[in-house]
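Note sheet for the following structure.
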There are 2 protein chains.
Amino acid sequence: MAAAQIAVGRTGKDSSVSGIEVEPGGDAHSMPQSGRAADAVIAKLEEQIVTGALENNSPLPAERQLMEQFSASRTVIREAIATLSSRGLIESRPRFRPVVRKPDYETALTAVGGIVRHLLTERGGVKNLYDSRVFLERALVRQAAIAAQKDDIVQLREALAANKRAIDNSDAFYLTDVAFHGVLYTIPKNPIFPAIHEGYTSWLAPHWEKMLRSPERNLVNFRSHEAIFSAIVERDPDAAEEALANHLKAAWEYVRVTFDLDQL
Amino acid sequence: MAAAQIAVGRTGKDSSVSGIEVEPGGDAHSMPQSGRAADAVIAKLEEQIVTGALENNSPLPAERQLMEQFSASRTVIREAIATLSSRGLIESRPRFRPVVRKPDYETALTAVGGIVRHLLTERGGVKNLYDSRVFLERALVRQAAIAAQKDDIVQLREALAANKRAIDNSDAFYLTDVAFHGVLYTIPKNPIFPAIHEGYTSWLAPHWEKMLRSPERNLVNFRSHEAIFSAIVERDPDAAEEALANHLKAAWEYVRVTFDLDQL
DNA sequence: CATAAAGTTTGGTCATACCAAACAGGGAGG
DNA sequence: CCTCCCTGTTTGGTATGACCAAACTTTATG
């Protein structure tokens, strides 16, 4: 019977358990999806990546090879790859071999990117994010005023100079503006902060870029940067914090009025 | 012929393009994985979720139903579901119907959870995260001292009282301890901060829980909380910041010595 | 030796089949 | 009439096997 032949097809499904535990009771930590067999593969690959068994920036083995290595079906392998990809541990472009990406703080930020983007579309989303940035930067300039090292000051001075030179070029000004603020995030010498800065700029940028810019406006912002810098150099945390607060508050007012996102 | 029948199998692969665009040039934003057909499904589902077409907390349609709705194979549907799941837009337990989860700031944090956990295993990872927490909380208590409202004070007072009552019960103490700090994150009235607190506690908890606790230790911590509270009530930002800094510094020293993770 | 053509992977999808756990109904027992 | 258990159906998890098109390799060619 033809039907019979077709029916045969799948031979050993249960036997596939060979080696792959499905963690029955496990810790069931926060991560939502778990329990499928793919998780075993995910876990192993994850380990191989973090331990360096799979070298960073090198391509992942072919799927058909992995399915042999884990004695799992391609279905499972693919699912594992998909998950790892959206977790940022591997980067998979459309039709190319996935590339191993050892996680760093920046990777972590891009992982939230998708959700954050959604949150920003909700009422008050942009405001909340911006406010958190103001809050953080206030603390950063304060910290800078208190503990900035010589080379931090140098960096700030250079960023400020570049900022000044770009006053007549709004595009360049924007970049140097971001860079100046970026220096503030490097002062605590904690890789988490630059990553956060990265996040802020990439998430808030869309709203900034649409905004009209002008040399006059740039000059105002430059003066603010100058004031912040001075306060830091003079080791005056309160003045630095206030200068920055005013700067960012003014900037917000500007966008708030430009669009008419009063309740954004 | 049986063989013929089998061979036929896949009828319209190319025709499957019916309605699903593969965004050839698209914006190709930051997200790594893109280009597969699943992305179309992902996008549509994503939209249906955020627009509320798919009600929050309600189960997703069955896979076999979705594949009809999107005229795509189950493979694609599953991949979409997997991705959305790891993005936090839907929550899928092992063998249950996936549940729609409208994103919030907390969801965003859990999305990074996986990566953060890895980062913590690296040299300096825990230290960096902890330092960032100290940095943030210093700013928070300062803010609290400056702008705490009446009800914020009430909340702090209550949290402090609960903390005191739990001194003899280390487990309870831990919880009230976390709760006390948690109140600080609510004072700026920005939903981002409580989410961050959530993150800190869940990520750093594993390291804390292993630590020995004792009533003596609890008392010391309680006194610290008391000092912080007092400074806030007295509207003294500098004192509050210092009290908190000392508190967290001491706590760190304690764990640092307990384990012998000098360069953790 | 550079380059174009031919051949071989390999990722992306589709279709089908089966299992086991979840779910929905219905009948037995209180 | 309500509760509980048993049973048939739905549905998620996996396995196979095929096929296409793009990427990668090898080989022939000018």
Side-chain angles (χ1 to χ4, degrees), chain A residues 1-24 32-42 59-68 70-85 90-99, chain B residues 2-20 22-24 32-42 59-68 70-85 90-99:
Chain A
M1 245 314 207
Q5 282 237 15
I6 302 176
V8 177
R10 217 187 92 296
T11 50
K13 188 261 173 176
D14 313 50
S15 65
S16 75
V17 195
S18 61
I20 308 185
E21 279 295 314
V22 194
E23 58 154 321
Q33 50 167 80
S34 66
R36 342 194 204 341
D39 291 355
V41 178
I42 293 176
L60 216 58
E63 294 182 358
R64 286 162 175 98
Q65 205 168 313
L66 287 173
M67 60 186 281
E68 226 183 296
F70 293 105
S71 48
S73 71
R74 200 136 89 82
T75 314
V76 171
I77 300 296
R78 303 202 92 253
E79 197 158 320
I81 290 180
T83 297
L84 287 177
S85 172
I90 63 184
E91 189 165 339
S92 76
R93 285 188 289 121
R95 280 200 153 273
F96 294 78
R97 206 67 152 304
V99 174
Chain B
Q5 282 237 15
I6 303 176
V8 176
R10 218 186 91 301
T11 51
K13 187 261 172 178
D14 315 49
S15 64
S16 75
V17 197
S18 62
I20 307 183
V22 193
E23 59 154 322
Q33 51 166 84
S34 66
R36 344 197 202 337
D39 290 355
V41 179
I42 293 175
L60 217 58
E63 294 181 359
R64 289 167 173 91
Q65 205 168 315
L66 287 173
M67 61 186 280
E68 223 183 298
F70 292 105
S71 49
S73 71
R74 200 133 92 83
T75 313
V76 171
I77 300 296
R78 304 201 94 254
E79 198 158 320
I81 290 179
T83 298
L84 287 177
S85 173
I90 63 185
E91 189 165 341
S92 77
R93 284 186 293 124
R95 276 200 157 272
F96 293 78
R97 197 67 96 44
V99 174

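Throughout, protein chains are lettered first and strands after them, A, B, ... in sequence-line order, and every chain is numbered starting at 1. All values below come from the heavy atoms of this structure, side chains included, with hydrogens, waters and symmetry mates left out.
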TODO: Round to a whole Å and report the spacing from CD1 of A/Ile77 to C1' of D/dG13.
DONE: 14 Å
Open item on the list: Strictly below 4.0 Å: does B/Arg97 bring a side-chain N or O up to OP1 or OP2 of D/dT11?
Closed with: yes
Task: First of A/Met67 and A/Arg64 reached from the 5' end of DNA chain D, by closest nucleotide - done: A/Met67
Task: Whole-Å distance separating the CZ atom of A/Phe96 from the P atom of D/dA21 - done: 17 Å
TODO: Measure from the side chain of B/Ala37, starting at C-beta and using heavy atoms only, and say which of C/dT13, D/dG12, C/dG11 lies closest.
DONE: C/dT13
Open item on the list: Between A/Arg78 and C/dG12, is there a contact of a side-chain N or O with OP1 or OP2 at under 4.0 Å?
Closed with: yes
Open item on the list: Is B/Ser73 close enough to C/dC14 that one of its side-chain N or O atoms is under 4.0 Å from OP1 or OP2 there?
Closed with: yes
TODO: Specify the separation, in whole Å, of atom CD of B/Glu63 and atom C1' of C/dA22.
DONE: 14 Å
Task: Selection from D/dG13, D/dA21, C/dT13 that lies nearest to any side-chain heavy atom of A/Arg95 - done: D/dA21
TODO: Ignoring the backbone of B/Ala72, work out which of C/dC14, D/dG12, C/dT13 is nearest its side chain.
DONE: C/dC14
Open item on the list: Please compare A/Pro98 and A/Thr75 by the position of their nearest nucleotide in DNA chain C and report the one closer to 5'.
Closed with: A/Pro98
Task: Whole-Å gap separating P (C/dT10) and CZ (A/Arg93) - done: 17 Å
TODO: Report yes or no: does A/Thr83 contribute a side-chain atom to a donor-acceptor pair with the main-chain N or O of A/Glu79 at less than 3.5 Å?
DONE: yes
- [ ] For residues B/Ile81 and B/Glu63, report the shortest heavy-atom separation together with the two atoms involved.
- [x] CD1-CG, 3.9 Å
Open item on the list: How close do B/Val76 and B/Ala38 get, counting heavy atoms only, and between which atoms?
Closed with: CG1-CA, 3.5 Å
- [ ] Provide, to the nearest angstrom, the distance between the CD atom belonging to B/Glu91 and the C1' atom belonging to D/dG12.
- [x] 16 Å
Open item on the list: To the nearest 0.5 Å, what is the distance between CD1 on A/Ile90 and CZ on A/Arg97?
Closed with: 11.5 Å
Open item on the list: If I take atom CD in residue B/Gln65 and atom C1' in nucleotide C/dC23, what distance separates them, rounded to the nearest angstrom?
Closed with: 15 Å
Task: Nearest-Å distance for atom pair CD1/C1', residues A/Ile81 and C/dG12 - done: 12 Å
TODO: Could you state the atom-to-atom distance from CZ of A/Arg74 to P of D/dT16 in whole Å?
DONE: 13 Å
Open item on the list: Minimum heavy-atom separation for B/Pro61 and B/Leu66, please, with both atom names.
Closed with: O-CD1, 3.7 Å
